[in-house]
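Side chains are part of it too, since the values below use all heavy atoms of this structure and drop only hydrogens, waters and symmetry mates. Naming convention: chains lettered A, B, ... in sequence-line order (proteins, then strands); numbering from 1 in each chain.
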2 protein chains.
Amino acid sequence: MKLITREVDYAVRALAAVARAGRGLSAAGLAAPAGVPRPVLRKIMQALSRAGITRSSRGRGGGFVLARPAGRISLGDIISAVRGPLKFNDCVFGGALCHNHRTCLLRGRVAAIEKKVMEEVRRVTLADLG
Amino acid sequence: MKLITREVDYAVRALAAVARAGRGLSAAGLAAPAGVPRPVLRKIMQALSRAGITRSSRGRGGGFVLARPAGRISLGDIISAVRGPLKFNDCVFGGALCHNHRTCLLRGRVAAIEKKVMEEVRRVTLADLG
DNA sequence: ACTAAATGATACCAATCTGGTATCATTTAA
DNA sequence: TTAAATGATACCAGATTGGTATCATTTAGT
Ligand code: FES
Ligand code: FES
């Protein structure tokens, strides 16, 4: 099971590059040095912008900048942006249908673990990953 | 991302049933009440036996029993048995090739989180999930 | 005004992973 | 001898993920 998929990894590196640069960087400019296919990086950057992690400017000379300081962008933010929220536990019956949902011991335990992971992952910021 | 896949869920429930029963239970006997397709449960039970969590007896009247007390079978054991080891971090370059591997900050952080999860998951035992 | 460089939005394709099915061989109790 | 069980594999279908392709829109420079 992967927590850090390829796309998350790309996203972290791209954001680190933006943080270092200070100025805005285009998707093309980010993709080349990282060895990532341009279209893939564009999709990632679009997701990050939609999530409010970066701000984009369009048109010639445009690109991406961080929407807030690197110390306030967490790994959790990045994961959520490119992969959606964590769902460690996937109750076999679909949530609404499940009778045990309240009392299910496994679910409770796993939810607690998931919460801890979420905390850990939100504690690591982009500034730590430079 | 799922930590508890459907198969892990099935495995936990089947093992809980075996624990409650005390005597050996066949895959067929386990599958029916849980509403799991028999062949799927068989595959799972085979994996658990290969991992040494259950002991199987073949032939007529055979089935599965726990190989050790429920309190000493952890959720981590079960996950490892049916899904293989956790690999939160999937370095984009293949480990051996990667130059940064030693110093990569992301990898280090994620490895630490993975370790914590592993600890948590090994702390929960089958006895807790009855 | 025009063009080139950039993002936004989508739709699509291929590879991998997961859940589920099917078979055949082997063991064992009745 | 037969029926009930596991062991081992191979296979198939759906979901997820990584990657590609297009077209529309915005903007700076000429
Ligand atoms: S079975 Fe539905 S939550 Fe555990
Ligand atoms: S890039 Fe290889 S370990 Fe981080």
Send over the distance from F64(B) CZ to dT28(C) P, rounded to a whole Å. 14 Å
Tell me which donor-acceptor pairs under 3.5 Å the side chains of residues 70-80 of chain B have, and how far apart each pair is, sequence neighbours excluded?
unit_1, atom_1, unit_2, atom_2, d
S74(B), OG, G76(B), N, 3.2
S74(B), OG, D77(B), N, 3.0
S74(B), OG, D77(B), OD1, 3.4
S74(B), OG, D77(B), OD2, 3.3
D77(B), OD2, R68(B), NH2, 3.0
D77(B), OD2, S74(B), N, 3.0
S80(B), OG, G76(B), O, 3.0

When you compare the side chain of I113(A) with that of N89(A), does any pair of heavy atoms fall below 4.5 Å? no
With heavy-atom distances below 4.5 Å as the criterion, would you say the side chains of V82(A) and Y10(A) are in contact? no
Name the atoms and distances for all side-chain donor-acceptor pairs under 3.5 Å in residues 118-127 of chain B, with sequence neighbours left out.
unit_1, atom_1, unit_2, atom_2, d
E120(B), OE2, K116(A), NZ, 2.9
T125(B), OG1, A127(B), N, 3.2
T125(B), OG1, D128(B), OD2, 3.4

Determine, step by step, whether L3(B) and L86(B) satisfy the side chain to side chain contact (heavy atoms under 4.5 Å, CB included) criterion, reporting the C-alpha distance in whole Å, the side-chain angles of both residues, the deciding distance to 0.1 Å, and the verdict. CA-CA 9 Å; L3(B) 179 62; L86(B) 294 188; 3.8 Å; yes
Just how far, in rounded Å, is C1' of dG18(D) from CD1 of I4(A)? 16 Å
Let me know the distance between NZ of K87(A) and P of dA15(D), rounded to the nearest Å. 14 Å
Using a 4.0 Å cut-off on heavy atoms, which residues in residues 45-56 of chain A reach DNA chain D? List them by number, or say none. none
Selection: residues 72-86 of chain A, any non-hydrogen atom under 4.0 Å of DNA chain C: none
If you measure from CZ on F64(B) to CG on L41(B), what distance do you get to the nearest 0.5 Å? 8.0 Å
May I have the list of side-chain donor-acceptor pairs in residues 47-58 of chain A shorter than 3.5 Å, sequence neighbours left out?
unit_1, atom_1, unit_2, atom_2, d
S49(A), OG, M45(A), O, 3.3
S49(A), OG, T54(A), OG1, 2.9
T54(A), OG1, S49(A), N, 3.3
S57(A), OG, G63(A), N, 3.4

Partners passing side chain to side chain contact (heavy atoms under 4.5 Å, CB included) against P39(A) (at least two apart in sequence or in another chain): P37(A)
For R83(A) versus K2(A), what's the shortest heavy-atom pair and its separation? NH1-O, 3.4 Å
Sugar-phosphate or base contact per nucleotide [nucleotides 25-30 of chain D; S, B, -; heavy atom under 4.0 Å]: BBBB--
Distance in angstrom units between L3(B) CG and dT18(C) C1', rounded: 15 Å
Assuming nearest nucleotide by heavy-atom distance, tell me which of R42(A) and E7(A) is located more 5' along DNA chain D. E7(A)
Could you see if V65(A) belongs to whatever hydrophobic cluster contains L129(A)? Use Ile, Leu, Val, Met, Phe, Trp, Tyr and a side-chain cutoff under 4.5 Å. no
Which pairs of donor and acceptor atoms, one on a side chain in residues 12-31 of chain B, lie under 3.5 Å apart (sequence neighbours left out)?
unit_1, atom_1, unit_2, atom_2, d
R13(B), NE, D9(B), OD1, 2.6
R13(B), NH2, D9(B), OD1, 2.9
R20(B), NH1, G130(B), O, 3.4
S26(B), OG, G29(B), N, 3.0

If you restrict it to nitrogen or oxygen atoms, what contacts under 3.5 Å exist between nucleotides 11-14 of chain C and the protein, and what is each distance?
none

Write out all pairs satisfying salt bridge (charged side-chain N to carboxylate O under 4.0 Å, His left out) with one or both partners inside residues 26-39 of chain A, taking only residues at least two apart or from two chains. none
Rounded distance (nearest 0.5 Å) linking atom CD of E114(A) with atom CD1 of I4(B): 10.0 Å
For DNA chain D, what residues of residues 10-41 of chain B have any heavy atom nearer than 4.0 Å? S26(B), A27(B)
